[in-house]
Visitor: 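Sharing a structure, written as structure tokens. Questions coming.
In listed order, ligands and their atoms are each counted from 1. Index from 1, following the sequence. This structure is a prediction, so every number in the text was calculated from the model and none was measured.
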Amino acid sequence: MPTKITLKNVTVSDAYMALLADRGIDYWFANAGTDFAPVVETLAKAQVLETKVPKPVTCPHENTAMHMAIGYFLVTGRPQAVMVHVNVGTANGMNGLLNAARGHVPVLFTAGRTPTNEDGLAGHRSLDIHWTQEMFDQAGMLRESVKWDYELRNGQQLETVVDRALTIAKSEPMGPVYLSLPREVLSQTMAEFTYTTPSRQHAAAPAFPNGEAVEEVAALLAGAENPLIITSSAGRDPKAWSALADFAERYALPVIQYRNRYMSIPSNHPMNLGYELSPLLENADVILAVDVPVPWLPAYDKVRDDAKVIHMGPDPLHGYVPVRGHPCDIALACATAEGLRVLNETMAEHEGRAKLRIDKRRASLAESWKTLRDGWRKKLESVKAETPIHPAWITHCINEIKGADTIVIKESPLMQEHIDFSKPATMFNAGAASGLGHGLGCALGAKLAARDRLVIGTHGDGSYMFGNPISAHYVGAEQDLPVLTVLFNNQRWQAVRRATVGLNREGFAAKSQHQPITFLDSISNYQKAVEVADGYGEKVTDPAEVMPALERGLRAVTVEKRQSVINIICSA
Ligand SMILES: Cc1ncc(C[n+]2csc(CCOP(=O)(O)OP(=O)(O)O)c2C)c(N)n1
């Protein structure tokens, strides 16, 4: 039964923080400035009066804050709040915001707003920067990437505004929202502030797909000789994990996880046909693209002209992308897990008639499954002793030390064919907009949400630096979050080099041994960075040392409760 709570003699900031705590915001990831003065006062007051507010986490860089909120959501399914300093903090948080937006991750992203009153009102301007940080439209810089934005006008509207922000963020397709908080408004006092708990505003319930369209899709899939499911992000919703596994298994539908952000089906599932589109894509007659903005690359990948293509997910047209011309014969808008379950049931009508075809396909897919894995094993055997160390070997060694519950963060050339995931929500690549620097924060957020579980962050050397490592190690120390960080250190931005050579195979850069702006080989001892936070660091150059080094890192994390960085010099 909803009840009314009344707070007496509070500032808007006090009321706001109390409300956030009531609405399930456990953490407030913050990078502060002068606009924070009323909130810092609220937090200090809460310490003395022992009132409930979200736990503040001091994030020395906004990139850490945003990605911690993302990591925390991916483990718990509950959005958290970030607060940054006016326009400049918003700008620094944009990388994470873009990742959250493209990854459909809800975050309550908030920023102070520089005071606009030059004198008089409480909170008025008191520094030169209060003029130079003012903008005509602070939210203008991010409006394209949030589902909703607003500037708080007064304390009376707090409950409506906070609930609206959270319910919109949490409704599919989920995504971040932005609320700016002017210093004068936060500083206002209220004799009384009353709100209702629990909230009377709720996110939209997960949607089912259109019945007629589902019938059509079921008939197409049941009649297909070579159906194919392609997904990148179905696994963002842990409920989609078993829904996809059951559906694919029952009707012998092979699943390719292409450029995947999450694992959506167990590594050893009989229908997990790997991470490359070829050879299944070119023969596919019916393609079900589930939660995948880019199911293939039109310029390179062959798709049959007569192939029927179905896109499915909360936003099957991916309307946030201006140009996207993949054929779309049917678009099923629905929550992914619900959609897969409905399709599973609807296909049952065709099961009897399609049985022979399904059985035949199951047998041939079993062969392909085995051949694929034989190939992966052979590849690993052939590279395991290579120096510089091969990413396949590093991945295999990580697999050896991890358990089924371990959460692995991917911001590296980790090779998914050499690592096993058997449970949902155990592999995250939070860089949906490819905004590098997501992994360190995401790992910390995941660890904060699951302190009893091992979290392994994997990063390229470039990505590690994008992740503001000292900021991340600082938070790891402040919040006691021992994460095992593994660096795939190829001493370059290989992706940039690959793109340059790809564009012009005969060009000067292709022939160069040291292409400009692609090398990071002036320093390599990143393991020393974690020492500033009393963490354990080690550099590895010998393939035989990868396992022992990872075990030492693991021990530091699990027994000594220290952060750890294992810096592995590897090939590209
Ligand atoms: C914020 C941001 N800046 C630049 C890029 C462009 N970019 C894409 S991959 C890449 C290189 C990453 O280096 P590293 O993590 O070492 O991985 P590698 O490519 O060497 O495997 C860069 C710079 C990006 N994606 N995001």
Side-chain angles (χ1 to χ4, degrees), residues 61-67 70 84 89-103 141-142 145 232 259-261 275 293-294 297 321 383 386 388-395 398 408-419 428-443 456-469 471-472 485-503 509-510 512-527 529 539-541 565-572:
H61 196 283
E62 295 81 353
N63 208 26
T64 312
M66 284 303 288
H67 290 108
I70 292 175
V84 298
T90 299
N92 271 359
M94 284 284 292
N95 183 49
L97 181 83
L98 294 171
N99 283 332
R102 293 306 201 223
M141 71 175 109
L142 53 66
S145 300
S232 135
R259 308 285 292 170
N260 55 316
R261 301 275 164 208
Y275 311 91
V294 188
L297 300 178
V321 180
V383 300
E386 272 182 14
I389 300 165
H390 196 282
W393 178 239
I394 305 175
T395 310
I398 291 173
V408 176
I409 308 298
K410 177 166 163 36
E411 195 186 26
S412 67
L414 184 87
M415 298 175 74
Q416 294 176 88
E417 53 271 44
H418 300 294
I419 187 163
F428 307 134
N429 175 337
S434 191
L436 288 181
H438 52 84
L440 290 171
C442 185
I456 304 179
T458 69
H459 319 266
D461 46 328
S463 300
Y464 178 70
M465 284 193 272
F466 275 115
N468 310 89
S471 166
T485 296
V486 180
L487 299 188
F488 287 63
N489 184 354
N490 58 11
Q491 303 185 73
R492 66 186 73 176
W493 287 332
Q494 174 66 2
V496 179
R497 189 191 156 272
R498 204 180 299 125
T500 310
V501 175
L503 197 66
S512 165
Q513 294 305 308
H514 206 270
Q515 295 91 350
I517 328 278
T518 61
F519 275 79
L520 294 174
D521 51 356
S522 297
I523 60 171
S524 73
N525 289 319
Y526 304 115
Q527 75 284 356
K539 178 168 159 181
V540 185
T541 52
V565 171
I566 305 301
N567 173 19
I568 304 176
I569 305 298
C570 70
S571 54

Visitor: I'd like to check which ligand 1 atoms, numbered from 1 as shown, lie under 4.0 Å from a non-hydrogen atom of Gly462.
Guide: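 Near Gly462, the atoms of ligand 1 are 13 (O), 14 (P), 15 (O), 16 (O).
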Visitor: Should Phe466 and Leu440 count as side-chain neighbours, where that means a heavy-atom distance under 4.5 Å?
Guide: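 No - every pair of side-chain heavy atoms lies 4.5 Å or more apart.
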Visitor: Taking Arg261 for the side chain and Gly431 for the main chain, is one N or O donor matched with an acceptor at less than 3.5 Å?
Guide: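 Yes, because the side chain of Arg261 sits within donor-acceptor range (under 3.5 Å) of the backbone of Gly431.
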Visitor: Quick one: does Glu386's side chain get under 4.5 Å of Trp393's, heavy atoms only?
Guide: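 Of all side-chain heavy-atom pairs linking Trp393 with Glu386, none is under 4.5 Å.
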Visitor: Return a yes/no value for Val496: is any of its N or O atoms, backbone included, closer than 3.5 angstrom to an N or O of ligand 1?
Guide: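 N/O-N/O distance below 3.5 Å does not exist for this pair.
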Visitor: Is the closest protein non-hydrogen atom to atom 6 (C) of ligand 1 under 4.0 Å?
Guide: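 No; the ligand atom in question lacks any protein heavy-atom contact below 4.0 Å.
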Visitor: Give the atom numbers and elements of ligand 1 that come within less than 4.0 Å of a heavy atom of Gln494.
Guide: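 Those of ligand 1 that fall under 4.0 Å from Gln494 are 18 (P), 19 (O), 20 (O), 21 (O).
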Visitor: For atom 26 (N) of ligand 1, state which one of Leu436, Leu98, Asn95 supplies the nearest heavy atom.
Guide: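 Looking at heavy atoms only, Leu436 sits closest to atom 26 (N) of ligand 1.
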Visitor: Could you find the nearest protein heavy atom to atom 13 (O) of ligand 1 and give me its residue, atom name and distance?
Guide: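 Going atom by atom, the protein heavy atom closest to atom 13 (O) of ligand 1 ends up being Trp493 CD1, 3.3 Å.
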Visitor: Tell me the protein heavy atom at minimum distance from atom 19 (O) of ligand 1, and give that distance in Å.
Guide: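 Here the nearest protein heavy atom works out to Ala495 N, 2.8 Å.
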Visitor: Please confirm whether the backbone N or O of Gly437 pairs with a side-chain atom of Glu411, one donor and one acceptor, at under 3.5 Å?
Guide: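 Between the backbone of Gly437 and the side chain of Glu411 there is a qualifying donor-acceptor contact (under 3.5 Å).
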Visitor: So, do Met141 and Thr90 sit near enough that their side-chain heavy atoms are less than 4.5 Å apart?
Guide: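 Of all side-chain heavy-atom pairs linking Thr90 with Met141, at least one is under 4.5 Å.
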Visitor: In terms of residue, atom name and distance, what is the protein heavy atom nearest to atom 21 (O) of ligand 1?
Guide: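 Scanning the protein heavy atoms, the shortest distance from atom 21 (O) of ligand 1 goes to Asn490 ND2, 3.6 Å.
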Visitor: Would you say ligand 1 has an N or O under 3.5 Å from any N or O of Glu411?
Guide: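 In this structure, Glu411 places no N or O atom under 3.5 Å from an N or O of ligand 1.
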Visitor: Between Gln527 and Asn567, is there a donor-acceptor pair closer than 3.5 Å when you use the side chain of the first and the backbone of the second?
Guide: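 Side chain of Gln527 to backbone of Asn567, a donor-acceptor pair under 3.5 Å: no, none is there.
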Visitor: Among all protein heavy atoms in this structure, tell me which lies nearest to atom 15 (O) of ligand 1, with the distance rounded to 0.1 Å.
Guide: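 Residue, atom and distance for the closest contact: Ser463 OG, 2.6 Å.
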Visitor: Check Asp461 against ligand 1 and report side chain, backbone, both or neither, counting heavy atoms closer than 4.0 Å.
Guide: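 Both backbone and side chain of Asp461 come within 4.0 Å of ligand 1.
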Visitor: Check whether any side-chain N or O of Thr395 sits under 3.5 Å from a backbone N or O of Met415 as a donor-acceptor pair, and report yes or no.
Guide: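 Flag set: sc Thr395 to bb Met415 pair under 3.5 Å.
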Visitor: What part of Phe466, side chain from CB on, backbone N/CA/C/O, both or neither, has a heavy atom under 4.0 Å from ligand 1?
Guide: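 The part of Phe466 near ligand 1 is the side chain, not the backbone.
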Visitor: Scan Asn99, Asn92, Asn95 and name whichever one has a side chain to side chain donor-acceptor pair (under 3.5 Å) with Asn63.
Guide: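 It is Asn95, the one option of Asn99, Asn92, Asn95 that forms the side chain to side chain donor-acceptor pair (under 3.5 Å) with Asn63.
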Visitor: Distance-only, no hydrogens or angles: does the Ser412 side chain make a donor-acceptor pair with backbone N or O of Gly460 under 3.5 Å?
Guide: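 Side chain of Ser412 to backbone of Gly460: no pair is present.
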Visitor: Provide, to 0.1 Å, the distance between atom 24 (C) of ligand 1 and the closest protein heavy atom, together with that atom's residue and name.
Guide: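 Protein heavy atom with the smallest distance to atom 24 (C) of ligand 1: Ser434 O, 3.4 Å.
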Visitor: Give the residue and atom name of whichever protein heavy atom lies nearest to atom 17 (O) of ligand 1, and the separation in Å to one decimal.
Guide: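 The answer is Gly460 CA, 4.3 Å.
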